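See structure below.
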Amino acid sequence: VQLQASGGGLVQAGGSLRLSCAASGRTFSSYTIVWFRQAPGKQRDFVAGINWNGGRTYYADSVKGRFTISRDNAKNTVYLQMNSLKPEDTAVYYCAADVTWLKTRYELYTNWGQGTKVTVSS
C-alpha cells in the first residue's frame, strides 16, 4: 500500500487541523495505520494508531483527549483530527502502515507516506 499524508498548515494555538492519510491499493482495509511526528532535531515519535476496521485506537499520552484518529475504508483514508493544538505539536506528521497491531517505534515501520508539516504558533 502506498500512503500520502496531507492537511498540514499553520494554525494558532488552540486551533484545529485535520490530517488525511490517503492510501492506494485494494488491501488498505487490512492494515493498521499509525501517525508519527518529528519535530526539528528530534526523533520521530508515535502519535496515534488505528486497527484495520477502526475498532481499536491508541494514542500517545501527549495527545490523548485532543487528537482523534479515524478511518474510512471505503475512501482508503485515515484521518487525524487535531484539536486544542499547542506549539509543542509543531512537527512534520507522517503516516505509516503495517499488518500487525500495534508498534510504537518508528524503526519498526518500513511503509511510510511523505510527511505533512504542522506549525502551531503561540
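Model, not experiment: these values are computed from the prediction. Positions are given from 1 along the sequence. Note: hydrogens, waters and symmetry copies are ignored here, and every other heavy atom, side chains too, is used.
- Put simply, the side chain of Gln38 never gets that close to the backbone of Ala91: no donor and acceptor are under 3.5 Å apart.
- Legend: disulfide bond (SG atoms under 2.5 Å apart) pairs involving residues 3-32, not counting sequence neighbours, sorted by first then second residue: Cys21-Cys95.
- Within a 6.0 Å sphere centred on NZ of Lys64, heavy atoms belonging to other residues, nucleotides or ligands number more than 12.
- By the rule that hydrophobic residues join a cluster once side-chain heavy atoms approach within less than 4.5 Å of another member, Val1 and Val99 end up as members of one cluster.
- No side-chain heavy atom of Asn83 sits under 4.5 Å from any side-chain heavy atom of Phe67.
- Here the side chains of Thr32 and Leu102 are in contact, with some heavy-atom distance below 4.5 Å.
- Taking the six-membered ring for Trp and the full ring otherwise, the centers of Trp112 and Phe36 sit less than 6.0 Å from each other.
- Of the residues Asp89, Val118, Val47, Val120, the one that meets the side-chain contact (heavy atoms from CB on, under 4.5 Å) test with Met82 is Val118.
- With values rounded to the nearest 0.5 angstrom, Tyr31 atom OH is found 9.0 Å from Leu3 atom CG.
- The ring-ring contact (aromatic ring centres under 6.0 Å, His included) check on Tyr93 picks up nothing, with sequence neighbours excluded.
- Under the side-chain contact (heavy atoms from CB on, under 4.5 Å) rule, Tyr79 has a single partner from Asp72, Ile33, Ile50, Ile69, which is Asp72.
- Put simply, the side chain of Val63 reaches to within 4.5 Å of the side chain of Arg37, judged on heavy atoms.
- A side-chain donor-acceptor contact under 3.5 Å links Asn51 to the backbone of Gly54.
- How far CG of Asp98 is from CG of Asn111: 8.5 Å, rounded to the nearest 0.5 Å.
- With hydrophobic clusters built from ILVMFWY side chains whose heavy atoms lie under 4.5 angstrom apart, Trp101 shares a cluster with Tyr109.
- The CD atom of Gln4 sits 9.5 Å away from the OG1 atom of Thr116 when rounded to the nearest 0.5 Å.
- Of the inter-residue distances, the one linking Tyr59 atom OH with Arg66 atom CZ reads 12.0 Å to the nearest 0.5 angstrom.
- For CD of Gln2, the number of neighbouring non-hydrogen atoms (other residues, nucleotides, ligands) closer than 6.0 Å is 12 at most.
- Taking OG from Ser29 and CH2 from Trp52, the interatomic distance works out to 7.0 Å, rounded to the nearest 0.5 Å.
- The neighbour count for Gln12 CD, taken as heavy atoms of other residues, nucleotides or ligands under 6.0 Å away, does not exceed 12.
- Of all non-hydrogen atoms in Ala48 and Leu80, the two that sit nearest each other are CB-CD1, 4.1 Å.
- In terms of hydrophobic clustering, with Ile, Leu, Val, Met, Phe, Trp and Tyr side chains grouped at heavy-atom distances under 4.5 Å, Tyr94 and Tyr106 are assigned to a common cluster.
- Distance OG1/Thr77 to CG/Leu19: 12.5 Å, rounded to 0.5 Å.
- Heavy atoms only, all atoms of each residue included: Ala13 and Ser122 are closest at CB-CA, 4.3 Å.
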